[in-house]
Q: 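Mind looking over this structure? Questions follow.
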Amino acid sequence: MRIKYDDQDDILFIEFSKEPIIKDVSHGWNVNVGYAANGIAEITILDAKAAGYWPLENAKDLLHLAA
């Protein structure tokens, strides 16, 4: 798993797998989930800090986005 946060653009990127993305699904205007053949490969959140997802002290809340 890899987590990257871009402070300048307020974008949080969480990578669970390096598998190829076969499907992208938007959950609202600021959350995108990339699916691989075996499940979730990555999650990208725009305005992450403004939306309360960064810092990741509330990481458990991200689980509902992926469901």
Q: Which ILVMFWY residues are connected to Leu46, directly or by a chain of links, through side-chain heavy atoms under 4.5 Å apart?
A: Ile11, Trp29
Q: Only pairs at least two apart or in different chains count here, so list each salt bridge (Lys or Arg N to Asp or Glu O under 4.0 Å) that has a residue in residues 11-30.
A: Arg2-Glu15, Glu15-Lys18
Q: Which heavy atom of Ser26 sits nearest to which heavy atom of Asn32, and what is that distance?
A: OG-OD1, 3.5 Å
Q: Would a 4.5 Å heavy-atom cut-off, applied to side chains only, mark Trp54 and Ile3 as touching?
A: yes
Q: State yes or no: do Met1 and Tyr53 share one hydrophobic cluster built from I, L, V, M, F, W and Y residues joined by side-chain heavy-atom distances below 4.5 Å, directly or via other members?
A: yes
Q: With distance as the sole test, does Asp6 use its side chain to make a donor-acceptor pair with the main-chain N or O of Asp9 at under 3.5 Å?
A: yes
Q: Start with the C-alpha distance between Tyr5 and Asp10, add both sets of side-chain angles, then the distance that settles side chain to side chain donor-acceptor pair (under 3.5 Å), and finish with yes or no.
A: CA-CA 7 Å; Tyr5 177 71; Asp10 194 15; 2.6 Å; yes
Q: Looking at residues at least two apart in the chain, or sitting in another chain, which of them share a side-chain hydrogen bond (donor to acceptor under 3.5 Å, both in side chains) with Asn30?
A: none
Q: Roughly how far apart are Tyr35 OH and Ile43 CD1, rounded to 0.5 Å?
A: 8.0 Å
Q: Are Val25 and His27 close enough that some pair of their side-chain heavy atoms sits under 4.5 Å apart?
A: yes
Q: Over all heavy atoms of both residues, which pair between Ile21 and Ala41 is shortest? Give the atoms and the distance, please.
A: CD1-CB, 3.4 Å
Q: Do Val33 and Phe13 land in one hydrophobic cluster if side-chain heavy atoms of ILVMFWY residues count as linked below 4.5 Å?
A: no
